[in-house]
Amino acid sequence: MRKDLLSDLNPQQQKAIKHADGPLLVLAGAGSGKTKVITHRFAFLTTEQNVPPSSILAMTFTNKAAEEMKARIQKLLGKDTAGLWVSTFHSFCCRILRKEIASLGFQNNFCIYDKDDSSKVIRSILKEFKIHEALYKGISSKLSSLKASLIAPEHLIARDDSYGFDEKFARVYVKYQDDLRRNNALDFDDLIMFTVKLFDEHPGVLKKYQTEFPHIMIDEFQDTNNAQYRLAKLMAAGRKNICVVGDDDQSIYKFRGADVRNILAFEKDFPKTKVIRLEQNYRSTQNILDAAGGVIEQNNSRMPKKLWTNNGNGEKVFHCTTNSEREEAAYIARTINELYLKGRHSYGDFTILYRLNQQSMVLEEALKANGLPYHIVGGISFYQRKEIKDIISYLKLIINPDDSVSLRRIINSPPRGIGSTTIAKIENEAVKKDISLFKAMQHIVISSGYPPAFKEKIKGFVSTIEELSGSKDMELSEFLWLILESTGYMKWIGEERSENLMELVNSSDEMDINRLIDTAALFSPMDESDKASSISLMTLHCAKGLEFPVVFIAGIEEGLMPHFHAVKSSEELQEERRLFYVGITRAKEMLFLTGAKKRRFYASVQEQQPSRFLKEMPSGCYHCIEKRPRTSMITSEVKLPASLLNKTPFVTGVRVRHPKWGVGVVRDSYGETDDVKVMVNFPSVGVKRLSLKFAQLQKI
DNA sequence: AAACTAAAGCTTTTT
DNA sequence: GCTTTAGTTT
């Protein structure tokens, strides 16, 4: 078994895996087999050190990463992973709090508010405090960063300088936390902050979990915020068997509270930390690594590392400047098409990365114009769709009737004649009695003195929810049907959207109501299964952790990459450089950097300069193309349209039938009249090169 | 309570 | 430029 786990690993990776006890910091460069180290270390601990799998706590940031880790561990162990504690920070905290939150004064049926829900709470507070409502965005991010720094409202008020925030803001924070408590709700940041609070205030509970998890592993450690690191330190305080894996060069979420300094602090916080560097890259060619290295070396506050590979030099990196963003998009689409027709790549091998979401539009148009299939990664997720959120809100309200945000969401969906004036009246009652909206409605129903029409409307909604509550123990998919039908929601939402609802009902098989609610809350757009058969479009941020044979990065211009908001401060400029570095290191075989001389921004057209980052790449590793030649970018040979070279009917796009392989589509044809070769993609066997003289091809 | 018009926005976003 | 939201009308 030992041989199996260590055999295909390099010496540094082996060292990391064999280091079982004491603090371990693995600095894992891009593409250096980081996940492999974590999963193999997990397996090594259980098989060689007799650590029970259920007593290793492994934490990551995304559900997707957690799922992948679980799947790979399962494969290594050959055992079911159902009981493992391999999860995101947030779902780990959720799991703890569902058991322990009573000691913090919440009920364990608390619900989780996403950004949308919590904005609603903030905005209604701003309205109440007569603060301009449009400020909610800034306020919500301030709240989030305070919580990420573990500063609760009481701390804010206690300090004289209030951490630089004014008194008005402190009052908003206090009210916000009060409202959440009244709704029996926690936001994302609360999940972490309250778990830390729980451990701080109840040493016995902490001790219990410290004993339960003698080993801790954390992935993407450079992305931890203050609160998450604090949580990790608490959990590891006893035995100090903590292994963190990360790459300071890939820290790109500072704006969300991530703090790279946690990597530097780790060695101080855990004396005698073993530091291991993984510098062998298994993903990219040397040219791509040289480009990446040249850029990232310009950052001054980083832990020195140099990636190398055995993969060979490969193609040079291409840089192409076009006149406009439309030409840039057209160039990318055409290049993808040319590469695809060569037959070595499928559409799923390509990705186009960009700094801003708004860049995707023109790219999409160009891909559509060329008939190329694509999908956008990280848009809105299944669980963020209106109809799905609505139905989840019904479930949330049924489980936790104090959840006033969910109540507001569905009280008039489908329409029940309950508009803003009616809600205001209910709210009035709720504030007066200091109870939740639903309780206020229940109260209105049984009290006298309200107009009968008003009371009827309220009664209708209350009894709908109460009746549904009575059936909540039935099978989940049946229960969902009951809600959709009895409320008239299905009829109201229309055919197109009801398809998504059907999908939800179907996917809810063997799930229980609480799990569905938590899954929906802790799910992200990036978790959705990747459609491997089409071109991926996404922001550079979304690309972290992924890899593609052919990568395009669009908009390598000053003002975009680096973004003009970031050029003022050196700190932010370095983060932009890391973002570019992350983009470059996604590429396995080929990397295309493109930019435009002129670009539309909102209403106006701006003159653009090439990005300063381009000059930082060693000149030997990239090729500059000012004007797009009509020939292929990849080979120097002149490539005329296939239809001119040979006069066969088998031109690109034609459907053909082969006696053995069935129906396929011609991707390319070349050669002289008597020796024409065609490249055909058969769905069953893939791309085949065929000589027309011999292959019995039939046009259909 | 829905439907309109005016105006203000506008980086990235693992949960 | 276009989408989101605030405030107005009907």
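Sequence lines set the chain letters: A, B, ... in the order given, protein chains first and strands last, and positions in each chain run from 1.
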Taking [atom1] from [X] and [atom2] from [N], how many angstroms apart are they, rounded to a whole number?
X	N	atom1	atom2	value
A:Leu126	C:dT5	CG	C1'	14 Å
A:Leu546	B:dT14	CG	P	12 Å
A:Phe92	B:dT14	CZ	C1'	18 Å
A:Met538	B:dT14	CE	P	13 Å
A:Leu540	B:dT13	CG	C1'	13 Å
A:Met69	B:dT14	CE	P	18 Å
A:Tyr383	B:dT14	OH	C1'	17 Å
A:Glu68	B:dT14	CD	P	17 Å

Would you please indicate yes or no on a ring centroid separation below 6.0 angstrom for A:Tyr229 and A:Phe221? yes

May I ask you to check whether A:Phe350 and A:Phe548 place their ring centres under 6.0 Å from each other? no

Once you apply a heavy-atom cut-off of 4.0 Å, does [X] come out as touching a base, just sugar-phosphate, or nothing?
X	answer
A:Tyr113	nothing
A:Ile418	sugar-phosphate
A:Arg416	nothing

cation_pi(A:Lys457, A:Phe454) dist<6.0 Å, angle<=45: no

How far does the P atom of B:dT13 sit from the matching atom of C:dT4, given to the nearest Å? 16 Å

Sticking with atom C1', work out how far B:dT12 lies from C:dT5, rounded to a whole angstrom. 23 Å

Would you mind building the protein contact string for nucleotides 7-12 of chain B? One character per nucleotide, 5' to 3', B for base within reach (heavy atoms under 4.0 Å), S for sugar-phosphate only, - for untouched. ---BBB

Which nucleotide, in any strand shown, forms a Watson-Crick or G-U wobble pair with B:dT12, with both distances under 3.5 Å? none

Under a 4.0 Å N-O cut-off, is there an ion pair linking A:Arg72 with A:Glu68? yes

Would you say A:Met361 has more than 12 foreign heavy atoms packed within less than 6.0 Å of its CE? no

Within 6.0 angstrom of A:Lys459 NZ, more than 12 heavy atoms from elsewhere: no

Counting just side-chain N and O atoms, does A:Arg600 come under 4.0 Å of either OP1 or OP2 of C:dG1? yes

Nearest heavy-atom contact between A:Cys542 and A:Tyr253 is N-OH, 4.5 Å

